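Below: one structure, written as structure tokens.
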Amino acid sequence: MTRQRLILLTPLALLGLLVGLADPNPDTMGEDEDYYMQELLTREQHNQVQMLEKPVASLPDRYDHSGRSAARTVPKGKEDRSTADAKSECPPMGLETLKIDDFQLHASSTKRYGLGAHRGRLNIQAGLYEDDLYDGAWCAGRNDPLQWFEVDARRLTKFTGVITQGRSSLWSSDWVTSYKVMVSNDSHTWVMLKNGSKDLIFSANREKEIPVRNVFRTPVVARYIRVNPRSWFNSGSICMRVEILGCPLPDPNNYYHRRNEVITSDDLDFRHHSYKEMRQLMKVVNEMCPNITRIYNIGKSQSGLKLYAIEISDNPGEHEVGEPEFRYTAGSHGNEVLGRELLLLLMQFMCLEYLSGNQRIRHLVHETRIHLLPSVNPDGYEKAFEAGSELSGWSLGRWSNDGIDIHHNFPDLNSILWESEARKWIPRKMLNHHVSVPEWYQSSNASVALETRALIAWMEKMPFVLGGNLQGGELVVTFPYDKTRSQGVTREQTPTPDDHVFRWLAFSYASTHRLMTDASRRVCHTEDFAKEDGTINGASWHTAAGSMNDFSYLHTNCFELSMYVGCDKFPHENELPEEWENNRESLLVFMEQVHRGIKGVVRDLQGRGIANAIISVEGIGHDIRTAADGDYWRLLNPGEYRVTARADGYSLVSKKCEVGYDMGATRCDFTIGRTNLSRIKEIMEKFNKQPIRLPMRQLQARGSRQRRLGT
């Protein structure tokens with residue numbers, strides 16, 4: 001890395017240091033306060049461990065019992081752990097993120113294949129209808145204290161704790177209420193964690209969804225670890241979802257470690273950011289790149305937090321004629337944290353690469369107006385952030401403060417359009433695009449989140465062409481429509497008129513992601529999206545009315561897609577460098593697609609741009625409109641198209657426009673003149689709809705000309 005690059009990175013490094021030192025926020029046992037206190041492993045146990053033929057090492061006691069995640073900044077009002085303790089606490093090994101593969105998970109018995117050890121992963125979700133393939137936990141074949149769930153780390157590992165959940169199920173209530181822990185180096189000789197001379201029993205779950213974490217007072221080093229359920233919900237069975245906290249010990253000769261290791265060369269701020277830290281980071285980026293960035297907010301959340309966005313452009317704050325506008329949003333579900341951090345990393349990356357002379361980034365910045373909105377739902381994020389990456393579960397923080405799912409809180413314009421099509425009102429009574437928001441939705445009594453209203457105002461103000469909203473919990477890209485056309489059907493292919501374009505846009509992201517199209521990768525939960533090239537029509541996955549994607553397509557010019565960027569909604573921060581590597585190229589490639597198709601300006605005979613002119617493509621039943629300066633962008637796949645431009649009071653004009661395979665939109669301008677009827681109306685309005693009184697001499701001259709023409 002050059003000296004210049006190192007100097008540029010200094011502000012970001014300083015930010016991380018300052019934020020780490022600021023607000024020495026405390027931490028207590030939190031969620032674990034009501035559970036049994038765990039005691040130090042005694043010297044006696046340590047001696048027993050040393051006597052094993054393949055000894056299991058017991059490390060010095062440097063740990064405090066904690067119910068908090070190591071991946072978070074400690075909130076105010078709670079006692080802080082020592083720096084040494086914080087540094088020595090181990091992250092999750094990767095059952096949830098799939099870094100631990102199915103062959104590393106074993107169990108004493110299994111109720112059926114779909115409830116096998118490979119399903120015993122923290123936060124794994126079952127399908128709506130439980131079957132023999134994808135259920136929501138490991139469940140033992142028998143309910144007795146001899147059952148166990150085992151993880152093979154494949155190398156010596158310092159184990160520091162266990163996190164457990166019950167079974168994900170709409171129909172069953174199963175969870176473990178207490179368990180013991182055993183470790184081994186050879187899977188034959190096992191050592192039980194003890195409290196003095198007695199086996200140490202850890203208190204587990206009281207219901208099936210909220211994760212419970214138990215941190216060992218003294219870490220243990222071994223290759224294998226077993227969780228041995230001792231009691232369970234009296235009306236249920238032995239079922240668990242598990243995550244193991246552990247630090248692999250250095251072993252450069254370990255094949256499995258080398259195979260799975262992903263290293264990034266980008267020196268960025270890889271950690272989770274609170275709301276305050278997010279603002280500070282955006283400010284640092286703006287100060288580093290003041291000529292190409294601008295920070296603004298689009299409104300406020302229900303609790304009053306501003307929804308900050310950063311613009312990246314060679315002329316920030318201005319819409320340039322002919323330059324398309326692009327947006328990424330993240331965090332509409334506050335607990336889906338990875339997308340938020342990816343956008344914070346993206347803005348850092350683009351600033352640094354622009355300053356270092358990266359021609360690809362410079363071209364993108366000079367030719368595109370980019371908007372990044374990293375936290376649509378900051379209220380929800382703060383709830384998830386408070387619990388931490390391992391303890392927020394599957395849904396804590398998903399909704400806004402007033403309990404609304406922001407991503408699906410938009411007006412259902414699909415039904416309005418489809419009803420008009422059924423009544424054959426299009427295009428006579430209603431257009432096939434820019435469907436109006438119904439009046440009831442705009443009323444103050446409507447169940448509409450403040451965040452949603454802010455998004456709609458932003459979408460209507462900016463002439464966005466392409467957008468992506470980053471979500472989590474899966475590895476797939478979805479595209480409209482998200483709502484099924486057939487009533488009462490939960491899953492049905494429901495394409496838009498631009499289905500081929502949407503499929504290409506989705507594939508452009510999925511195919512450049514490190515994992516989405518990998519046919520050998522493990523399924524996140526229940527769907528094997530790799531078979532579909534990592535993409536799917538939203539309605540064929542599950543129907544959802546009022547989605548941001550459908551609204552954007554039907555109410556504005558913007559083509560919007562959803563990127564589910566990781567199986568783990570809230571990964572530990574030590575996973576962020578790898579997740580950045582997984583998504584970095586995809587984030588850039590998708591932005592570049594905004595330059596695919598045709599673009600141009602619609603002008604009148606005097607050369608003035610015409611706003612709200614309609615651009616129609618023959619054979620595609622969805623039109624777009626020009627922006628305030630008369631410029632437009634129409635996303636299209638390569639091919640030859642007949643394109644028509646028309647506007648109220650103007651004659652329509654058609655021409656052929658060809659889209660090539662090379663990146664860069666084809667220029668296709670239009671000049672249209674006023675119609676005779678519009679001229680007559682304009683003249684009549686000018687004279688207040690009164691007959692035009694001409695001087696007698698002009699009338700006589702006109703009469704003589706008409707007589708000459710008649711002869």
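All values derive from a computational prediction rather than experimental measurement. Hydrogens, waters and symmetry mates play no part in the numbers below; they use all other heavy atoms, side chains included.
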Ring centre gap for F385 and H273 strictly below 6.0 Å: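 Judged by ring-centre distance (under 6.0 Å), F385 and H273 do not meet the cut-off.
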Centroid-centroid under 6.0 Å between Y354 and H366 rings: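 They qualify: ring centres under 6.0 Å apart.
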Check [X] against [Y] and note the closest heavy-atom contact, atom names and distance.
X    : Y    : answer
A449 : I404 : N-CD1, 3.6 Å
V476 : W541 : CG1-CZ3, 4.1 Å
R625 : N557 : O-ND2, 2.7 Å
M282 : I295 : O-CD1, 3.3 Å
I620 : P497 : CG2-O, 3.8 Å
E367 : P324 : O-CD, 3.5 Å

Would you call [X] and [Y] a salt bridge, using N to O less than 4.0 angstrom?
X    : Y    : value
E353 : R360 : no
E325 : R369 : yes
D379 : K383 : no
E581 : R514 : no
R362 : D314 : no

Could you verify whether a donor N or O on one side chain and an acceptor N or O on the other, from [X] and [Y], lie under 3.5 Å apart?
X    : Y    : answer
Y328 : N469 : no
R340 : S375 : yes
R596 : Q593 : yes
D402 : S400 : yes
H595 : T368 : yes
N582 : H513 : no
Y296 : H371 : yes
S616 : D623 : yes
S415 : K483 : yes
N335 : S395 : no
H408 : D482 : no

K599 to Y632, cation-pi by 6.0 Å centre distance and 45° axis angle: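 Ring-cation test returns no.
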In this structure, are over 12 heavy atoms from other groups packed under 6.0 Å from [X] atom [atom1]?
X    : atom1 : answer
K300 : NZ    : no
Q606 : CD    : yes
H363 : NE2   : no

Exam field: side chain N358 to backbone I361, donor-acceptor pair closer than 3.5 Å: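 Yes.
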Under 3.5 Å donor-acceptor, E451 side chain and Q302 backbone: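 Answer holds: yes.
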Trace of the side-chain hydrogen bond (donor to acceptor under 3.5 Å, both in side chains) decision for S586 with T512: CA-CA 5 Å; S586 301; T512 50; 3.2 Å; yes
Parallel, tilted or perpendicular: rings of F507 and W504 (30°, 60°):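 Rings of W504 and F507: tilted, as their planes differ by 30° to 60°.
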Geometric class of the H333/H407 ring pair [parallel <30°, tilted 30-60°, perpendicular >60°]: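 Because their plane-to-plane angle is over 60°, the rings of H407 and H333 count as perpendicular.
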Criterion side-chain hydrogen bond (donor to acceptor under 3.5 Å, both in side chains) on T494 and N537, from CA distance to verdict: CA-CA 7 Å; T494 311; N537 171 255; 4.7 Å; no
Step-by-step salt bridge (charged side-chain N to carboxylate O under 4.0 Å, His left out) determination, D604 to R674: CA-CA 8 Å; D604 62 17; R674 303 294 297 271; over 6 Å; no
Stepwise side-chain contact (heavy atoms from CB on, under 4.5 Å) test for E382 and Y275: CA-CA 7 Å; E382 290 300 302; Y275 179 78; 3.4 Å; yes
Verdict with reasoning, H319 to D631, per side-chain hydrogen bond (donor to acceptor under 3.5 Å, both in side chains): CA-CA 11 Å; H319 170 73; D631 48 347; 2.9 Å; yes
Working for salt bridge (charged side-chain N to carboxylate O under 4.0 Å, His left out), residues E336 and K569: CA-CA 5 Å; E336 294 171 11; K569 291 182 177 183; 3.7 Å; yes
Distance, nearest 0.5 Å, that separates CD of Q471 from CE of M548: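 Here the interatomic distance stands at 9.5 Å.
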CE on M563 to CG on L470, rounded to 0.5 Å: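 So the CG of L470 and the CE of M563 are separated by 7.0 Å.
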Single hit among Y481, F502, Y553 for ring pair (Phe, Tyr, Trp, His ring centres under 6.0 Å) with H622: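 Result for ring pair (Phe, Tyr, Trp, His ring centres under 6.0 Å) with H622: Y553.
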side-chain hydrogen bond (donor to acceptor under 3.5 Å, both in side chains) between S552 and R327, worked out: CA-CA 12 Å; S552 181; R327 71 168 180 254; 3.0 Å; yes
From E419, E492, E421, residue fulfilling salt bridge (charged side-chain N to carboxylate O under 4.0 Å, His left out) relative to R485: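 Filter result, single survivor: E421.
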Reference residue R271; test salt bridge (charged side-chain N to carboxylate O under 4.0 Å, His left out); the match among E277, E341, E573: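 Considering E277, E341, E573, a salt bridge (charged side-chain N to carboxylate O under 4.0 Å, His left out) with R271 is found only for E277.
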